[in-house]
Undergrad: 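Right, I'll just put the structure down here and ask away after.
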Amino acid sequence: LSSCPVVHESVREGVLGAFRGLDGVVLFEGCEGMEGLGNLWASLFPTQRIERIPSGKANGAGSEPGNLRADYERLRRRLEDWAGRPIEGRDLRWSIGVYNQNRILADELDRFRRERPGRLPARIYYPLLDAGRALPCEQHSRILEQALDAAFEGRDLLEEGARILVAGPPCGPVPLSFLETLEAAGCRIVGDDFQSGRRWIRRMVDTVRDPLASLAQAYGEGAPFPGRSASPETRAESLLARARRLGAQGVVVVLPEMCPPLARSLDVVRATLAAAEMPCLVAEPAVPGKGLDSLRRAAEGFVATALRVG
């Protein structure tokens, strides 16, 4: 069994019966841990319907979208069997349009944070995005609209600090206490590569042509993050380019315990940022209430360096 905490928690919840009422499970196998979870799930729950998509390992950024389109077609056929009705192209195009609107609003929120990070601190920004995991897309979009209106009319909640890009784990979540400690030390988060909410696809998806091919292409052209089949060099270069594009003065790399995809790229990321004279802080998420003092001290030193260099 993988040592990944996300895999452990999924298995624990499954054994305790948290997913007993589900008609089926779709697993996107973005790393070795999730691939192992698929094998284990099939053996633990042999009567539950399961569909496995090798999204990150075989079909990551820069791969041939035709492979992923075939996976999506297989998933559509399986869902039709589960639901007992066909899933037409017009249904998929309508759904893509709904999600595109949600992405537009999330991008506007992200752009506002980039320009005014003190007005959208972590305790407000990330719960807004993560609500999309539990709410219907249309309802989440209405919440984002209201949040944008409130942000425009509000005031800064944090003083000026160092503009920081945070790079994190593919599954997360990064504890809010960790992010709030960074902010208390003077970090002003202007961007991240977390997969919060519905951010697996980061651009608009074509609603005219073949919907499954459009989804596969949009996913395949996304920025590399840990878990995709991108090389460490590609990930490092992408992080540096994004930090520069955001006007970031430093990069914080969140390194959770036992995350092989992130650990593999760490040395290359560090070297690439150092060569570009971009300050970098690598830190493990602390258990809430423990280790936050040392994190704050490290972050304060990092902020001082970022402000001096930047």
Side-chain angles (χ1 to χ4, degrees), residues 6 9-10 13-14 17-28 30 34 41 48-53 55-56 68-69 71-113 120 122-152 170-174 176 192-208 210-219 222 225:
V6 174
E9 183 65 16
S10 298
E13 292 290 320
F19 311 125
R20 189 177 294 119
L22 298 181
D23 293 320
V25 173
V26 179
L27 294 177
F28 288 81
M34 292 305 294
W41 201 274
Q48 191 170 57
R49 295 161 168 162
I50 182 172
E51 185 63 31
R52 301 164 64 175
I53 305 293
S55 61
L68 187 54
R69 195 252 178 246
D71 290 333
Y72 286 170
E73 179 60 47
R74 188 181 70 251
L75 176 61
R76 171 162 73 170
R77 291 196 298 268
R78 180 63 65 90
L79 291 174
E80 288 177 334
D81 178 59
W82 294 358
R85 69 174 184 84
I87 301 174
E88 305 288 351
R90 63 177 178 270
D91 300 323
L92 293 172
R93 292 186 183 92
W94 174 84
S95 180
I96 288 172
V98 170
Y99 278 81
N100 276 346
Q101 180 59 30
N102 188 266
R103 274 186 283 273
I104 289 172
L105 292 166
D107 286 347
E108 289 183 8
L109 197 70
D110 190 57
R111 186 162 45 249
F112 187 92
R113 178 182 67 159
L120 281 175
R123 70 177 186 275
I124 295 175
Y125 178 78
Y126 290 105
L128 280 172
L129 285 185
D130 288 335
R133 297 178 183 268
L135 296 174
C137 192
E138 300 93 328
Q139 184 179 351
H140 186 229
S141 292
R142 289 193 294 271
I143 290 174
L144 293 182
E145 286 178 339
Q146 295 167 3
L148 279 165
D149 290 341
F152 277 112
C171 300
V174 177
L176 270 180
D192 62 71
D193 69 349
F194 305 162
Q195 301 310 300
S196 304
R198 297 187 171 95
R199 298 165 82 190
W200 288 86
I201 294 177
R202 303 301 290 265
R203 69 169 179 82
M204 297 302 102
V205 182
D206 192 318
T207 58
V208 176
D210 173 13
L212 296 183
S214 296
L215 286 169
Q217 182 174 357
Y219 178 85
F225 58 87

Undergrad: Can you list the steps and then say if L215 with Y99 is a side chain to side chain contact (heavy atoms under 4.5 Å, CB included)?
TA: CA-CA 11 Å; L215 286 169; Y99 278 81; over 6 Å; no

Undergrad: For V205 and A218, work out which heavy atoms get closest and say how close.
TA: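 Scanning both residues completely, I find the closest heavy atoms to be CG2-CB, 3.8 Å.
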
Undergrad: Working to the nearest 0.5 Å, report the span between CD1 of I201 and CD1 of I96.
TA: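 It comes to 8.0 Å.
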
Undergrad: Could you walk me through whether E138 and R142 pass the salt bridge (charged side-chain N to carboxylate O under 4.0 Å, His left out) test, one step at a time?
TA: CA-CA 7 Å; E138 300 93 328; R142 289 193 294 271; over 6 Å; no

Undergrad: With distance as the sole test, does H140 use its side chain to make a donor-acceptor pair with the main-chain N or O of L128 at under 3.5 Å?
TA: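 A pair under 3.5 Å: yes.
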
Undergrad: Could you state the interatomic distance from CZ (R74) to CG (L212), rounded to the nearest 0.5 Å?
TA: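 Here the rounded value is 12.0 Å.
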
Undergrad: For the side chain of R49 and the backbone of L22, is there at least one donor-acceptor N/O pair under 3.5 Å apart?
TA: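 Here the side-chain-to-backbone pair does not exist.
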
Undergrad: For a 4.5 angstrom cut-off between non-hydrogen side-chain atoms, does Q217 reach R203?
TA: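 Sidechains of R203 and Q217: in contact.
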
Undergrad: I need the minimum non-hydrogen distance between R85 and D91, along with the two atoms involved.
TA: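 Smallest interatomic distance, heavy atoms only, reads NH1-OD2, 4.1 Å.
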
Undergrad: Which atoms form the tightest heavy-atom contact between W41 and Q48, and what is the distance?
TA: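 Looking at all heavy atoms of both residues, the closest pair is NE1-OE1, 2.8 Å.
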
Undergrad: Compare all side-chain heavy atoms of M204 with those of D107 and state whether any distance is below 4.5 angstrom.
TA: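 The answer is yes; the side chains approach within 4.5 Å.
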
Undergrad: Check P127 against A122 and note the closest heavy-atom contact, atom names and distance.
TA: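 Where P127 meets A122 most closely, the heavy atoms are CD-O, 3.4 Å.
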
Undergrad: Would you check, one step at a time, whether the test side chain to side chain contact (heavy atoms under 4.5 Å, CB included) holds for L109 with R113?
TA: CA-CA 6 Å; L109 197 70; R113 178 182 67 159; over 6 Å; no

Undergrad: Please report the closest heavy-atom contact between L148 and E108, naming both atoms and the distance.
TA: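 Residues L148 and E108, closest heavy atoms: CD1-OE1, 3.4 Å.
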
Undergrad: With rounding to the nearest 0.5 Å, note down the distance linking CD in E13 to CD in E9.
TA: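 Reported value, rounded in 0.5 Å steps: 4.5 Å.
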
Undergrad: Would a distance-only check, ignoring hydrogens and angles, find a side-chain to backbone donor-acceptor pair under 3.5 Å from E80 to I87?
TA: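 Present.
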
Undergrad: Let me confirm one number: the CD-CD distance from E145 to Q101, rounded to the nearest 0.5 Å.
TA: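 If we round to the nearest 0.5 Å, E145:CD and Q101:CD are 6.5 Å apart.
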
Undergrad: Go through it in stages, so that I can follow the logic: the residues are I53 and L68, the test is side chain to side chain contact (heavy atoms under 4.5 Å, CB included), and I'd like the CA-CA distance, side-chain angles, deciding distance and then a yes or no.
TA: CA-CA 8 Å; I53 305 293; L68 187 54; 4.1 Å; yes

Undergrad: Please report the closest heavy-atom contact between D192 and Y126, naming both atoms and the distance.
TA: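 Result for this residue pair: OD2-OH, 2.7 Å.
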
Undergrad: Applying side-chain hydrogen bond (donor to acceptor under 3.5 Å, both in side chains), name anything that partners D210, two or more places apart in sequence or on another chain.
TA: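 Applying side-chain hydrogen bond (donor to acceptor under 3.5 Å, both in side chains) to D210 gives R69.
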
Undergrad: Could you give the distance from CG (L129) to CD1 (I143), rounded to the nearest 0.5 Å?
TA: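 One gets 11.5 Å once the value is rounded to the nearest 0.5 Å.
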
